[in-house]
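This report refers to the structure that appears directly beneath it.
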There are 2 protein chains.
Amino acid sequence: MRADALKNRQRLIDVAIELVLEVGGEPARDAIAERAGVGIGTLYRHFPDQQSLLHAATRHVLEKSVAAGEALIEAVPDGVDALRQYMHMALDNGIGAVNILHPLLEKPDWPDLRVRAATLMKSMVGRAARQGTLRKDLSERDIVFGLTRFARPLAVGLSSDEERSLAHRHLDFYLDGLCAEQSRRGALEP
Amino acid sequence: MRADALKNRQRLIDVAIELVLEVGGEPARDAIAERAGVGIGTLYRHFPDQQSLLHAATRHVLEKSVAAGEALIEAVPDGVDALRQYMHMALDNGIGAVNILHPLLEKPDWPDLRVRAATLMKSMVGRAARQGTLRKDLSERDIVFGLTRFARPLAVGLSSDEERSLAHRHLDFYLDGLCAEQSRRGALEP
DNA sequence: AATCAAACGGAGGAATATTCTCCGGTTATG
DNA sequence: CATAACCGGAGAATATTCCTCCGTTTGATT
C-alpha cells in the first residue's frame, strides 16, 4: 500500500470520529471527505460503503481504549485511581463516538474485543469496590453509563476546548460522587 | 379558539419536545405530525414555520422549569436539597430539549425568562455554597453543564424507562460529588 | 530520470429525504 | 341545523446526500 494512501486512510478514520462526536450521529460522507482534505472519490475507494468506515472507526477507538485500560490496571495499584485515569483517557480517545456508532453498525460483533472490554470493566469496578474506596452498588454498566454522559459534546455554545476541559472537570466531580461513603440523597430519602 | 384546536396545539408541543430528545436535534416535521396523530396540515396551520414550533416548545419547558425552581427555592431551606430537587425536576420536564434547541433558534431572546433563569441559578448555587454544603468553586454555568449531561438520552441500547431511571440515579451520584469537601483528584494531583 | 501502476479529485446525475401548499371533507359550537 | 373553524393527507417542489466515472497526479521502482 502506498504511503499517501495509508495516510489518507488513517486521516479519514480520525475525521470520521471527530465528526461523529460533533454531529452526534452518522455524518454525511461528503463532509468527512471535505474535512479530511481529500476528494470524495478517495473516501469511496478506501471505504466502499458507509459501514466499512464506521466499523473501522469504532474498532480503532475501542482497541486503543481497551489496550490503554489493560495497561492502567497493571500500572496503577489503587482501584479508583486506575478507574479515574481510564475514564479520562477514554474520553480523550473519543470513546463517545463508539457510544454513538454502536447502534448504527449492522454487524458490530468483535468477540475478542467484547470480551476484553467486559473483563476490563469488571476488574476495574471489582478491585476498587474491594479496596473499599468505591461504592459497593455499582455495576460495569453503571460505569459505562457514567462515562457516556461526559464522553460527547452536547451543544451549549462552548468552544470545543472549553467543552473538553469542563467535561474532564465534571467527570472528576462525578467520580468523587462514586466514592462517597453513602449518597446524601440516599440518606435523606430512603 | 376551538377546544380540539387547542388540544392539538399542546399535543404538538409535547411531541416536539419528546422527539427532540430522542433524535438529539431538529426532528422532521412529518415525524412530529405523525407521532402526534394529526395531519401534516394541522401542524402547518398551528406553526407556519419550523421556528415557531421550536420557540413554543422551548419556552414551554423553560417556563415550567423556572417557575418550579422558584417555588423550590422558597419551599426548601437547605440549599443542596433545593438544587437536587430542581435538577431532578428539570430532567423530568425535558430540560434537555432546551439545551438541544437553543443553538437552533434564530432569535431566542426572552429577556424576562433569561433574567429569571439566571437569578434562579445564582440563588441556588450561592445559597448552597454559603451554607457550606456545596463546593465553593462552582458557577451557575457548572450547574447547567452538569445538568445537560444527564438531561438527554444518549443511545446505549436502553429502554427509555431504564434510561430515565439511570439518569436520576447517576445525577444523584454526581451531586454527591459536588458536595464533597475536596475532590480526591484535586488532592492527588494538585 | 523515466516509467507506470496506484492513487487522487471532484463534476454532476441518480436517489432519497424533507418541506409545504391546497382543497375537499369533517366537526365543534351557538 | 347552519356554518365557520378546523382537519387530513396527496403530491409537487425543494433540499440533501450518495456515488460513479474518468482525466490527472504521484509514489515507488529500476
Side-chain angles (χ1 to χ4, degrees), chain A residues 1-58 60 97 100-108 155, chain B residues 1-58 60 97 100-108 155:
Chain A
M1 192 177 211
R2 248 167 65 174
D4 54 343
L6 195 70
K7 206 187 58 190
N8 278 339
R9 192 192 144 84
Q10 188 55 49
R11 173 121 186 89
L12 282 167
I13 291 179
D14 290 343
V15 166
I17 295 167
E18 208 176 289
L19 275 176
V20 164
L21 282 169
E22 278 175 32
V23 177
E26 205 163 316
R29 316 287 288 282
D30 299 25
I32 298 174
E34 187 182 3
R35 169 89 62 105
V38 307
I40 187 70
T42 301
L43 171 56
Y44 276 85
R45 203 167 318 105
H46 283 293
F47 304 100
D49 58 64
Q50 225 163 359
Q51 286 286 319
S52 61
L53 173 54
L54 302 186
H55 268 260
T58 308
H60 181 249
I100 294 168
L101 289 176
H102 191 261
L104 302 177
L105 295 180
E106 271 155 23
K107 211 176 52 77
Chain B
M1 191 177 217
R2 250 167 65 172
D4 53 344
L6 196 69
K7 206 187 56 188
N8 279 338
R9 191 192 145 84
Q10 188 55 47
R11 172 119 186 90
L12 283 167
I13 290 178
D14 289 343
V15 165
I17 294 166
E18 209 175 289
L19 275 176
V20 164
L21 281 170
E22 278 176 31
V23 177
E26 205 164 315
R29 316 288 289 280
D30 299 28
I32 298 174
E34 187 182 1
R35 169 89 60 104
V38 305
I40 187 69
T42 303
L43 171 56
Y44 276 85
R45 202 168 319 102
H46 284 294
F47 303 100
D49 58 63
Q50 223 164 359
Q51 287 287 316
S52 61
L53 173 54
L54 302 186
H55 268 259
T58 308
H60 181 249
I100 294 168
L101 289 175
H102 192 261
L104 303 176
L105 296 179
E106 270 155 21
K107 212 177 49 81

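On a predicted model such as this, the values are computed, not experimentally measured, just so you know.
Contacts between residues 6-27 of chain B and DNA chain D, defined by a heavy-atom separation below 4.0 Å, involve Asn8(B), listed by number. Contacts between residues 41-53 of chain B and DNA chain D, counted as heavy-atom distances below 4.0 Å, involve Gly41(B), Thr42(B), Arg45(B), His46(B).
Every residue was checked against the side chain to side chain donor-acceptor pair (under 3.5 Å) condition with Arg45(B), not counting sequence neighbours, and none meets it. Partners of Glu22(A) by salt bridge (Lys or Arg N to Asp or Glu O under 4.0 Å), not counting sequence neighbours, listed by chain and number: Arg35(A). Asp30(B) is linked by a side chain to side chain donor-acceptor pair (under 3.5 Å) to nothing, counting only residues two or more places apart in sequence or in another chain. Residues satisfying the side chain to side chain donor-acceptor pair (under 3.5 Å) test with Asp49(B), not counting sequence neighbours, are none. For Ala28(A), the side chain to side chain contact (heavy atoms under 4.5 Å, CB included) partners are Ala31(A), not counting sequence neighbours. Evaluation of the side chain to side chain contact (heavy atoms under 4.5 Å, CB included) rule for His46(A) yields Met1(A), Ala5(A), Asn8(A), Arg9(A), Leu12(A), Thr42(A) as partners, not counting sequence neighbours. When the side chain to side chain donor-acceptor pair (under 3.5 Å) test is applied to Glu26(A), the partners found at least two apart in sequence or on another chain are Gln50(A).
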Between protein and nucleic acid, restricted to nucleotides 28-30 of chain D and to nitrogen or oxygen atoms under 3.5 Å apart, what atom pairs and distances do you find?
from    : atom 1 : to      : atom 2 : distance (Å)
dA28(D) : OP1    : Ala3(A) : N      : 3.3

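Running 5' to 3' along DNA chain C, contacts with non-hydrogen atoms of chain A at under 4.0 Å begin and end at dA6(C) to dA11(C).
From one end of the helix from dA1(C)-dT30(D) to dG30(C)-dC1(D) to the other, with five pairs defining each end axis, the axis direction shifts by 30° (rounded to 10°).
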